[in-house]
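Have a look at the structure below, then the notes.
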Amino acid sequence: MPVRVHVDPDLCIGSAECVRILPEAFRLVKARGVSVATDAAPDAGPQRLDEAVRSCPTGAISVSRSTPGDPDDRH
Ligand code: SF4
């Protein structure tokens with residue numbers, strides 16, 4: 001099941017909680033003061049990704065899981 005991890009740069013305040021919890025999945029871009037998801041983020045596993053989502057103080061992290069034909073994919 002494809003997993004997409006996204007950090008909304010408009011919400012992220014660069015607190016780096018996500019980097020502390022999942023250093024392989026998130027990277028702080030100091031020049032921009034925000035975190036980004038790495039290519040390894042989808043492989044971090046649902047429990048740890050959920051923990052990172054819960055730890056984010058601004059709700060900037062989103063994780064979506066979808067399979068072709070999911071109701072979420074219909075437009
Ligand atoms: S925990 Fe949230 S606000 Fe903090 S750096 Fe990560 S995405 Fe940004």
Side-chain angles (χ1 to χ4, degrees):
M1 182 185 303
V3 176
R4 289 176 48 195
V5 183
H6 177 69
V7 175
D8 186 334
D10 292 332
L11 294 176
C12 179
I13 58 173
S15 64
E17 288 299 310
C18 56
V19 179
R20 184 179 59 78
I21 291 171
L22 278 178
E24 75 274 26
F26 296 97
R27 180 171 57 86
L28 191 64
V29 182
K30 289 183 180 164
R32 293 169 51 205
V34 298
S35 171
V36 295
T38 70
D39 289 344
D43 300 326
Q47 287 184 334
R48 297 181 72 210
L49 284 172
D50 285 350
E51 184 182 352
V53 168
R54 283 196 306 271
S55 76
C56 178
T58 63
I61 302 170
S62 59
V63 178
S64 61
R65 303 173 178 89
S66 65
T67 54
D70 259 5
D72 289 348
D73 285 348
R74 277 186 264 157
H75 296 286

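Every number for a ligand or one of its atoms is a count from 1 in the order of the listing. The structure displayed is predicted, hence computed values, not measured ones.
Taking backbone and side-chain atoms together, C18 has an N/O/S atom less than 2.8 Å away from atom 6 (Fe) of ligand 1. Here C56 meets the criterion, with an N, O or S atom under 2.8 Å of atom 2 (Fe) of ligand 1.
Look at R65 and D50 and you find a salt bridge, because one of the NZ, NE, NH1 or NH2 atoms lies within 4.0 Å of a carboxylate O, short of that distance.
When only non-hydrogen protein atoms are considered, atom 5 (S) of ligand 1 lies nearest to A16 N, 3.1 Å. Protein heavy atom at the shortest distance from atom 8 (Fe) of ligand 1 is C12 SG, 2.3 Å. Looking only at protein heavy atoms, the nearest one to atom 4 (Fe) of ligand 1 is S15 OG, 2.3 Å. Looking only at protein heavy atoms, the nearest one to atom 7 (S) of ligand 1 is I61 CG1, 3.6 Å.
Both V19 and L22 belong to a single network of hydrophobic side chains, linked directly or stepwise wherever heavy atoms of I, L, V, M, F, W or Y lie under 4.5 Å apart.
The parts of I13 lying near ligand 1 are both backbone and side chain, judged by heavy-atom distances below 4.0 Å.
Between V53 and V63, the closest side-chain pair of non-hydrogen atoms falls below 4.5 Å. A 4.5 Å side-chain heavy-atom check between P57 and S15 finds at least one atom pair inside the cut-off. Within the 4.5 Å cutoff, the side chain of R48 has heavy atoms near those of the E24 side chain. For the pair R32/P9, a side-chain contact is recorded, criterion being any heavy-atom separation below 4.5 Å from C-beta on. Between R20 and S55 the shortest side-chain heavy-atom distance does not fall below 4.5 Å.
Here is the list of ligand 1 atoms found below 4.0 Å of a heavy atom in T58: 3 (S). Annotation for ligand 1: atoms under 4.0 Å from non-hydrogen atoms of V7 are 7 (S). Interface atoms of ligand 1 facing G14, defined by a heavy-atom separation under 4.0 Å, are 5 (S), 8 (Fe).
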